[in-house]
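None of these values were measured; they are calculated from a predicted model.
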Amino acid sequence: MNNQKENVAGKVVVITGASSGLGEATARMLSKLGATVVLGARRFDRLQKLADEINGKGGKAHAVQTDVIDAKQVQNLVDEAVKKFGRIDVILNNAGLMPQSPLEKLRMDDWDKMIDMNIKGVLYGIAAAFPSMKEQKSG
């Protein structure tokens, strides 16, 4: 655990899909290891509750309402991280969904939502974070 802590402590980590599940658990774990976490998700009330919890335990967290299917919102999430903490070391493109309908139902609208979030959302995160990481020569 000490080696993990040395690798994570002081890093600024942006996490999409941070309001529940793996994103929420990862935010708690990274904060415990000394990272600053910038939390993005659609459900701001849950995000803010998590940020308040982390900050209340002596960690550093900032919540930004973000829907990853909107490139401008993802850019805003990364910009907030850089503005508030001076840099971004890691982006964890965690937001995602998996429609629970059989393929034979041909729910193409569900497929489109899944592609927008699971593929485009990841690419929007990369596009938002890459310029800062390139400029700081790390990330």
Please list, one pair per line, the donor and acceptor atoms closer than 3.5 Å that link side chains of residues 43-52 to other protein atoms, with sequence neighbours excluded.
| residue | atom | partner | partner atom | Å |
| --- | --- | --- | --- | --- |
| Arg43 | NE | Ser19 | OG | 3.3 |
| Arg43 | NH2 | Ser19 | OG | 3.1 |
| Arg43 | NH2 | Ser20 | OG | 2.8 |
| Arg46 | NE | Ser19 | O | 3.4 |
| Gln48 | NE2 | Asp52 | OD1 | 2.9 |

| Rest of the hydrophobic cluster containing Leu22 (Ile/Leu/Val/Met/Phe/Trp/Tyr, side-chain heavy atoms under 4.5 Å)? | none

| Are Leu92 and Val64 connected in the hydrophobic side-chain network, where two residues link if heavy atoms are under 4.5 Å apart? | no

| said: Nearest 0.5 Å, please: how far is CD1 in Ile15 from OG1 in Thr66? | reply: 12.0 Å

| Among all residues two or more places apart in sequence or in another chain, which pass the side chain to side chain donor-acceptor pair (under 3.5 Å) test with Gln73? | Asp70

Hey, can you pull the donor-acceptor pairs under 3.5 Å for the side chains in residues 118-128, sequence neighbours left out?
| residue | atom | partner | partner atom | Å |
| --- | --- | --- | --- | --- |
| Asn118 | OD1 | Leu97 | N | 2.8 |
| Asn118 | ND2 | Leu97 | O | 2.7 |
| Lys120 | NZ | Asp116 | OD1 | 3.3 |

| said: Using only atom types and a distance under 3.5 Å, with no angle test, would you say the side chain of Asn94 pairs donor to acceptor with the backbone of Gly17? | reply: yes

| task | Just jot down the side-chain contact (heavy atoms from CB on, under 4.5 Å) partners of Met98, sequence neighbours excluded, or say none. | result | Gln100, Met114

| field | With Arg87 via side chain to side chain donor-acceptor pair (under 3.5 Å) - residues at least two apart | value | Asp89

| request: Under the salt bridge (Lys or Arg N to Asp or Glu O under 4.0 Å) rule, collect the residues that match up with Asp110, sequence neighbours excluded. | output: Arg107

| task | Would you please name every residue forming a side chain to side chain donor-acceptor pair (under 3.5 Å) with Glu135, sequence neighbours left out? | result | none

Distance-only donor-acceptor pairs under 3.5 Å for side chains of residues 74-85, two or more places apart:
| residue | atom | partner | partner atom | Å |
| --- | --- | --- | --- | --- |
| Gln75 | NE2 | Asp79 | OD1 | 2.9 |
| Glu80 | OE1 | His62 | NE2 | 3.0 |

| Cluster check Met108, Ile115: I/L/V/M/F/W/Y, side chain < 4.5 angstrom | no

| query | Ile69 and Trp111: same hydrophobic cluster, using ILVMFWY side-chain contacts below 4.5 Å? | reply | no

| query | Transitively linked via ILVMFWY side-chain contacts under 4.5 Å: Ile91 with Val12? | reply | yes

| task | Could I get the full list of side chain to side chain donor-acceptor pair (under 3.5 Å) partners for Asn55, not counting sequence neighbours? | result | none

| request: Answer yes if Val90 and Val8 sit in the same cluster of Ile, Leu, Val, Met, Phe, Trp and Tyr residues linked by side chain heavy atoms under 4.5 Å apart, and no otherwise. | output: yes

| message | Considering only residues two or more places apart or on different chains, which pairs with a residue in residues 10-26 satisfy salt bridge (Lys or Arg N to Asp or Glu O under 4.0 Å)? | response | Glu24-Arg28

| said: Against Ile88, only a single residue in Thr36, Val38, Val14 fulfils side chain to side chain contact (heavy atoms under 4.5 Å, CB included); can you say which? | reply: Val14

| task | Hey, could you give me the CZ/OG1 distance between Arg42 and Thr16, rounded to the nearest 0.5 Å? | result | 11.0 Å

